[in-house]
Amino acid sequence: MQYKLNSKIENKFTYLAIKEIFGLLNKVIGKKNLKELEIIYPPEREMGDFVLPCFVLAKNFKKSPIEIAAELSKNIKLKNSGVICKIKNQGPYLNFFVKNNRTAELVLREIFLKKDKIGENKIGKDKKIMIEYLSPNTNKPLHLGHSRNAFLGWSVSKILQANGYKVIKACLINDRGIHICKSMLAYQKMGNKKTPKSEKIKSDHFVGDYYVLFDKLQNENPEIEKEAQELLRKWEKGDKKVLTLWKKMNSWAISGIKETCKEIGVSFDKFYFESDFYKKGKNIILKGLKQKKFTKEEGAVLADLKKYNLPNKFLLRSDGTALYITQDIYLSYLKYKDYEPNKIIHIIGSEQDLSQKQLFAILDILKFKVAKNMSHLSYGMINVEGGKLKSREGVKVDVDNLLAELKGEAEAEIKKRNKKLNKKEVERRAKIIVLGALKYYILLYGAKNTVNFNPKKSLSFTGNTGPYLQYTYARIIGIIQKSDVGFQISDFRFQISDVVDVDFSKLSDVADTNLIFELSKFSNVIKQAGENCDPSILAKYLYELAKIFHNFYHQSPVLQSDKETKKARLLLIFSVAQIIKKGLELLGIETMEEM
RNA sequence: GUACCCGUAGCUCAAUUGGAUAGAGUGUCUGGCUUCGGACCAGAAGGUUGCAGGUUCGAGUCCUGCCGGGUACACCA
């Protein structure tokens, strides 16, 4: 994590410290030389709290960075009133140390006062970002790949909101095309008027089963593919019977998918249905053709993308009908008409890297207003036990079944720990834990990585996992609940009337200060996660924080300490709990006070 | 064939966007509850960062060429 001179939004402590460091440097080397300097964190906190690498200065002064660091450490004179209390050169680095009690006061007080707004900033003030994510097909239930999309979409939305943006969460429903016709055809042949209700099957699974069935039928009789295409033609012509069936099966699929969304805790502000506009967009292309932005090749309209270093792309068939990209272009305009976003982010699998680049290039040619602010958040596939996951192969790796299976394991674990819990509470906790484990596991990876997922091996509840963080939170709450000093718990939030009374000099052990310093990084983590649209940055940070907390926990008693230390440490662990709760919330993970 | 992504400890992944001794989890081994929740903590072992060059004060990170894996390149959706 790097701080630059111009960096405006930090927490109060970091802001003061960085400002002071640059003030001190200014006196010694002059304003001119400050420009390119960066302050970073050292690899180990024993080395210092902030570091100035002196390589840039070496060029300016034509001296070795080691000499420069030594000179600076000699020449800089500290003020008594500041946050910085010590400077030490080490090789080409100049290390700054902060005052412990001042740091503790600034950091903990800010966390306490900002409550659940802690870490938020206003970078995105007055800016709207639309995030399109999930985009399911209506022929089958959501599978693991979808869950990666959903968790990413949700968390990125949350993180951007914390960075001050207004976020619109949109979902494109792919509700037409050959895939749904396949399910429909299989249902026509084998359905016998069965319904999800009559069969007691969740409605999207009901539809998905016929999609799988189609595959079986096709193996017996390859000709059936043609029948499906015929069905699609009838659908496009508006055949009433076909439309009725389509509506029925679609509503089953969609309501089932929405149920799953609710279960995994994601939602949307706006749904777009492909069937509403799959033929539109023609006019936009034709207008572009008239303006000579595109060319014609054997009657079809073609976009020349050479200057973008991309393969050319057809935009309309020679018979004048729309292609998939045509509706993509239309949808972009529609989004702008609906919300006028400043930025649009598509969360789509990496297999569409090329087509997304082409889409953005074409929109750029069309001078679409947001074209230059559109981005594709690309993520890799999830393989399950070696095989790429596809519902048509009948592998049961859909989200619903996976969660049900994992819940069983979590319930067993909870019962082991707490034998008196009633069934309902066991189930409630199991759900939160399992979702925490799955979300954290998926978000901890870099999005680009292909994930090899093995339900039994991959998901554990110990180590660097979601439940570990949830446990950390519950553990802290446990301590606070047993305390009697200055804290009250009400409605899952904490209130304290006398932070002012806390003696911050009591927090001077290394275990205390490590924890405090780590807490001070939180706002910068949120900023970074937002800039990169990358929840993994936050996930890694939370783990680091929890680990440092546990180290503290095992060597520093809270409740058994003398009154003043107890009070100070209670405030400290309360702050840790606040940050963990807030951080997990931005990852879409729930916390609970007992687990 | 062309483009993009990936290759780091036995396994799964990190690495402050070019910076200090490449770190975690897991697995293996050793320790730690009459003391705030053991879903925990402390420690040991484990590495030629796929290979070969190059760029510079400095490369896991950037450039070139190989090797291996994945994905995408329709007047499909």
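Convention: sequence-line order gives letters A, B, ...; per-chain numbering from 1.
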For A:Arg148, the salt bridge (charged side-chain N to carboxylate O under 4.0 Å, His left out) test, sequence neighbours excluded, returns none

A:Tyr440 atom OH is separated from B:rA14 atom C1', nearest whole Å, by 11 Å

Among the nucleotides B:rU26, B:rG19, B:rA14, whichever has the atom closest to the side chain of A:Thr462 is B:rU26

* State, without any angle test, whether A:His346 and A:Gln356 hold a side-chain donor-acceptor pair at a distance under 3.5 Å. => yes

From CD of A:Gln352 across to P of B:rU71 the rounded distance in Å is 15 Å

task = Please state whether the phosphate of B:rA77, meaning OP1 or OP2, lies under 4.0 angstrom from any side-chain nitrogen or oxygen of A:Asn174.
result = no

Point to revise | Pair A:Glu236 + A:Arg233, salt bridge at N-O below 4.0 Å | key: no

(request) Pick the C1' atom in B:rU28 and in B:rU64, then give their distance to the nearest Å. (result) 42 Å

Any strand, both distances under 3.5 Å, Watson-Crick or G-U wobble: B:rG60 pairs with none

Side-chain atoms of A:Ala300 come closest, of B:rA15, B:rC75, B:rA20, to B:rC75

Would you call the rings of A:Phe13 and A:Phe50 parallel, tilted or perpendicular, taking 30° and 60° as the class edges? tilted

In whole angstroms, the gap separating C1' of B:rG19 from CG of A:Leu52 amounts to 12 Å

Looking at every strand, decide which applies to A:Gly380 at a 4.0 Å heavy-atom threshold: base, sugar-phosphate, or nothing. nothing

note: A:Leu444, atom CG; B:rG23, atom C1'; distance rounded to Å ~ 13 Å

For A:Asp534, which contact category applies under a 4.0 Å heavy-atom criterion: base, sugar-phosphate, or nothing?
nothing

Checking N1-N3 plus N6-O4 or O6-N4 for Watson-Crick, or N1-O2 and O6-N3 for wobble, each under 3.5 Å, the partner of B:rG7 is B:rC67

**Request:** Flag the pair A:Leu572 / A:Leu519 as yes when at least one side-chain heavy-atom distance between them is below 4.5 Å, and no otherwise.
**Result:** yes

query: Is the closest side-chain donor-acceptor distance between A:Thr138 and A:Asn250 under 3.5 Å?
result: yes

What nucleic acid atoms does A:Phe461 come within less than 4.0 Å of, heavy atoms only: base, sugar-phosphate, or nothing? base

Kindly give the atom pairs (protein nitrogen or oxygen, nucleotide nitrogen or oxygen) under 3.5 Å for nucleotides 4-12 of chain B.
unit_1 : atom_1 : unit_2   : atom_2 : d
B:rU12 : O2'    : A:Tyr445 : OH     : 2.9

Using a 4.0 Å heavy-atom cut-off, does A:Glu274 contact any base of the nucleic acid, only the sugar-phosphate backbone, or nothing at all? sugar-phosphate

Contacts of A:Ser536 and A:Glu297 projected onto RNA chain B by closest heavy atom; the upstream (5') one is A:Ser536

Here the distance between atom C1' of B:rA77 and atom CZ of A:Phe277, to the nearest Å, is 13 Å

Under 4.0 Å, counting only non-hydrogen atoms across every strand here, what does A:Pro92 touch: a base, just sugar-phosphate, or nothing? nothing

#### Entry: Between B:rC67 and B:rC51 - C1' atom distance, rounded Å
7 Å

Using the C1' atoms only, state how far B:rA3 lies from B:rG46, rounded to an integer number of Å. 38 Å

Would you tabulate the nitrogen or oxygen pairs shorter than 3.5 Å linking the protein to nucleotides 27-37 of chain B?
unit_1 : atom_1 : unit_2   : atom_2 : d
B:rC36 : O2     : A:Val558 : N      : 3.3
B:rC36 : O2     : A:Leu559 : N      : 2.9
B:rC36 : N3     : A:Val558 : N      : 3.0
B:rC36 : N4     : A:Tyr553 : O      : 2.6
B:rC36 : N4     : A:Ser556 : O      : 2.8
B:rG37 : OP2    : A:Lys482 : NZ     : 2.4
B:rG37 : O2'    : A:Tyr471 : OH     : 2.5
B:rG37 : O2'    : A:Arg475 : NE     : 2.6
B:rG37 : O2'    : A:Arg475 : NH2    : 3.1
B:rG37 : O6     : A:Met595 : N      : 3.3
B:rG37 : N1     : A:Met595 : O      : 3.0
B:rG37 : N2     : A:Met595 : O      : 3.2

* When we call it a touch if two heavy atoms are under 4.0 Å apart, what does A:Val51 touch: a base, just sugar-phosphate, or nothing? -> base

Atom OH of A:Tyr541 and atom P of B:rA24 are separated, to the nearest Å, by 18 Å

Checklist entry - With ring centroids as reference points, do A:Tyr441 and A:Phe453 lie under 6.0 angstrom apart? => result yes

Per the under-4.0 Å heavy-atom filter, residues of residues 304-319 of chain A near RNA chain B come out as A:Phe314, A:Arg317, A:Ser318

### Message
Looking at A:Arg45 and A:Asp49, is there a salt bridge between them, counting it only when a charged N and a carboxylate O are closer than 4.0 Å?
### Response
yes

query: Considering only the C1' atoms, how many Å lie between B:rU71 and B:rG7, rounded to the nearest integer?
result: 15 Å

Item to complete: Check whether any side-chain nitrogen or oxygen of A:Tyr468 sits under 4.0 Å from OP1 or OP2 of B:rC41, and answer yes or no.
Response: yes

If we count only N and O atoms by modelled type, under 3.5 Å, do the side chains of A:Ser520 and A:Asn11 hold a donor and an acceptor together? no

Salt bridge (Lys or Arg N to Asp or Glu O under 4.0 Å) pairs touching residues 306-318 of chain A, sequence neighbours excluded, are A:Asp304-A:Lys306

Scanning all shown strands, the Watson-Crick or wobble mate of B:rA24 with both distances under 3.5 Å is B:rU12

By side-chain contact (heavy atoms from CB on, under 4.5 Å), A:Thr462 pairs with (sequence neighbours left out) A:Ser460

- Can we call the ring centroids of A:Trp246 and A:Phe273 under 6.0 Å apart? no

Using Watson-Crick geometry (N1-N3 plus N6-O4 or O6-N4) or G-U wobble (N1-O2, O6-N3), each under 3.5 Å, B:rU48 is paired with none

Rounded to whole Å, CD of A:Glu544 lies from P of B:rC41 at a distance of 12 Å

Classify A:Ile414 by what it touches in the nucleic acid, base, sugar-phosphate, or nothing, heavy-atom distance under 4.0 Å. base

Practice prompt. Please measure how far the P atom in B:rU55 lies from the corresponding atom in B:rA42, and state the result in whole Å.
Written response: 44 Å

### Query
Between A:Tyr468 and A:Phe461, does the ring centre distance come in under 6.0 Å?
no

**Message:** Using the C1' atom as the point on both nucleotides, what is the distance between B:rC36 and B:rC29, in whole Å?
**Reply:** 31 Å

Query raised in the report: For the ring pair A:Phe314 and A:Tyr324, is the centre-to-centre distance below 6.0 Å?
Result: no

For this session: With P as the reference atom in both, quote the distance from B:rA14 to B:rG37 in angstrom, rounded to an integer.
Result: 35 Å

Just call it for A:Pro43: base, sugar-phosphate, or nothing, with non-hydrogen atoms closer than 4.0 Å on any strand.
base

Classify A:Lys59 by what it touches in the nucleic acid, base, sugar-phosphate, or nothing, heavy-atom distance under 4.0 Å. nothing

Heavy atoms under 4.0 Å, any strand shown: does A:Leu323 hit a base, just sugar-phosphate, or nothing? sugar-phosphate

Atom CG of A:Asn139 and atom C1' of B:rA77 are separated, to the nearest Å, by 11 Å

As its Watson-Crick or G-U partner within any shown strand, both distances under 3.5 Å, B:rU2 has B:rA72

If I pick the C1' atom on B:rA74 and the same atom on B:rU8, what distance separates them, to the nearest angstrom? 39 Å

### Task
Could you check whether A:Phe55 and the base of B:rG19 form a stacked pair, meaning centres closer than 5.5 Å and planes differing by less than 30°?
yes

Would you please indicate yes or no on a ring centroid separation below 6.0 angstrom for A:Phe151 and A:His146? no

